[in-house]
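Predicted model, so just to flag it, every value in this text is computed and none were measured. Residue numbering restarts at 1 for every chain, and letters A, B, ... go by the order of the sequence lines.
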2 protein chains.
Amino acid sequence: MLKISGFANLPPMTRTRKPAAPAAPAPQTPPPAEPARRPRGRPRKTALEIDDGNRRRALMDCAAELFLTQGYAATSVRDIAAAVGMHSGSPFYFFKSKSDLLHAVMHEGMLQAELSQQQAMQALAPDTPIAERLRTLIRHHFEVLLGPRSGFIPVMLYEWRSLTAVQRNDVSGIKDRYEAVWAPVLEQLHAQGALQADPGVARLYIFGALHWAVQWFSPRKGMTLDQLSDQAMALFIRKD
Amino acid sequence: MLKISGFANLPPMTRTRKPAAPAAPAPQTPPPAEPARRPRGRPRKTALEIDDGNRRRALMDCAAELFLTQGYAATSVRDIAAAVGMHSGSPFYFFKSKSDLLHAVMHEGMLQAELSQQQAMQALAPDTPIAERLRTLIRHHFEVLLGPRSGFIPVMLYEWRSLTAVQRNDVSGIKDRYEAVWAPVLEQLHAQGALQADPGVARLYIFGALHWAVQWFSPRKGMTLDQLSDQAMALFIRKD
DNA sequence: CCTACCGATCGGTAGG
DNA sequence: CCTACCGATCGGTAGG
């Protein structure tokens, strides 16, 4: 289930037109059933020469940025193709449909977010206070939403309705696991009186508060993600 | 500036096909320059017979519902026309463009929200405690977002990017006035220690938390808007 | 408001 | 991946 690709090692949101040098083939996503035999004679730039993994990734990065800026329905496949330097029909070589591309963005984004959240929590010492655990979750969530590699999750938040029911169901599974990590933390904070509201409702409110930062946060406006996290903690958690 | 139409008296979000009896002419919005002279002979259902104000409203109500469900770009003018029982070209008799219709929804929604917020606050006794003032603002905001007449404001929240720059600027003015009411309340709560976070950032977080309820709140799931407001207060405001 | 229509754009495909 | 293409849909308009 947790088939994490090398996503974390690749810089998303980079708009590249015809990359200068085709990078090393990505080991993760298997190319869509392309035969392995080599062409005879002088190598030409054919489907066999193309680094399918990287082109897929480039499409997803550009798609995410455009979906976020203009919305899924208002973005044409031609827009995306142009952004990565392809011709209008070429994205369909990598993705069965526009809808599949949207789904791939959300699916990969959630897998990556789940993985990095796990890593952030496991890096904490076993005796870390609960409030500090929540701060870590919040800080990590801002990284996912607003950090240098962001884009996929904001698209998920604001284009949820553009998924089909089947796709929603698929992404929901990962999203549920991601959110489930927060529940025990909030429950313990509630038990010790630091969180006044019901933990279940609080989780929904807190996610809303954090998610909405996508709409207004600008890194140039002075605040860092750390300060953002501190303010969130101050708002939600009682400090005695 | 505050040319409030009779909006509050009309039930939005009602999907009507060919209303049985043409209601009394709405006094508010002046019809788009339709001559006042009567046709001779037997009255026919022509442009002169049509209640332009009500048809405009019906278009806005249906448009808001569809924009919210499917998104602005994914909703065709034909969809909207069909929902109110018109033919495909007819909405352009009432609105210059699809974009104008979206703008009208947001503009009217914000005017109405600003008015009802003013009324809710003015109904409070002068010596009402500050925490109770915030609760009133929150409760009213939930009414606007989730109440029986909701729809226009959620569309504004989630289709902001679909507006042109000029339209955004126009709606921003009303939105700023609506939000400005919250600032002194939060500042006073901060001054007396009931709000720990910076009031400016807190306002952004709180709006995010409340706005997001549009995504998950379902009136059948048990909670009332009052309970929702109480939980929000418990989350944000320190009770000693 | 309807009728009849147009030009533009869009998702997607066949075949290499 | 490109070339060349198609059928469908869409926003909008003229004229009544």
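- No side-chain donor-acceptor contact under 3.5 Å links H140(A) to the backbone of A120(A).
- One interatomic measurement links the two molecules: NE2 of H87(A) to P of dT3(D), which rounds to 5 Å at whole-angstrom precision.
- The side chain of S76(A) sits closest to dG11(C) out of dT3(C), dT3(D), dG11(C).
- In this structure, dG16(D) forms a base pair with dC1(C), meeting either the Watson-Crick or the G-U wobble geometry with both donor-acceptor distances under 3.5 Å.
- In the model, W160(B) has no side-chain atom that pairs as donor or acceptor with a side-chain atom of Q167(B) under 3.5 Å.
- With 3.5 Å as the limit, one finds no donor-acceptor pair spanning the side chains of N169(B) and S172(B).
- Per the geometry, CZ belonging to F94(B) stands 18 Å off P belonging to dG11(D), to the nearest Å.
- One can place CE of M86(A) at 16 Å from P of dG11(C), the figure rounded to the nearest angstrom.
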Practice task
Output, in order, the C-alpha distance, side-chain angles, deciding distance and verdict of side-chain contact (heavy atoms from CB on, under 4.5 Å) for F207(B) and W182(B).
Solution key: CA-CA 10 Å; F207(B) 273 125; W182(B) 296 58; 3.6 Å; yes
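- Comment: E159(B) does not engage K98(B) in a salt bridge, judged by the lack of any side-chain N to carboxylate O separation of less than 4.0 angstrom.
- Separation of atoms CZ (F67(A)) and OG (S162(A)) is listed at 8.5 Å; rounding is to 0.5 Å.
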Heteroatom pairs (N/O) under 3.5 angstrom, protein to nucleotides 12-16 of chain C:
{"unit_1": "dG12(C)", "atom_1": "OP2", "unit_2": "K98(A)", "atom_2": "N", "d": "2.7"}

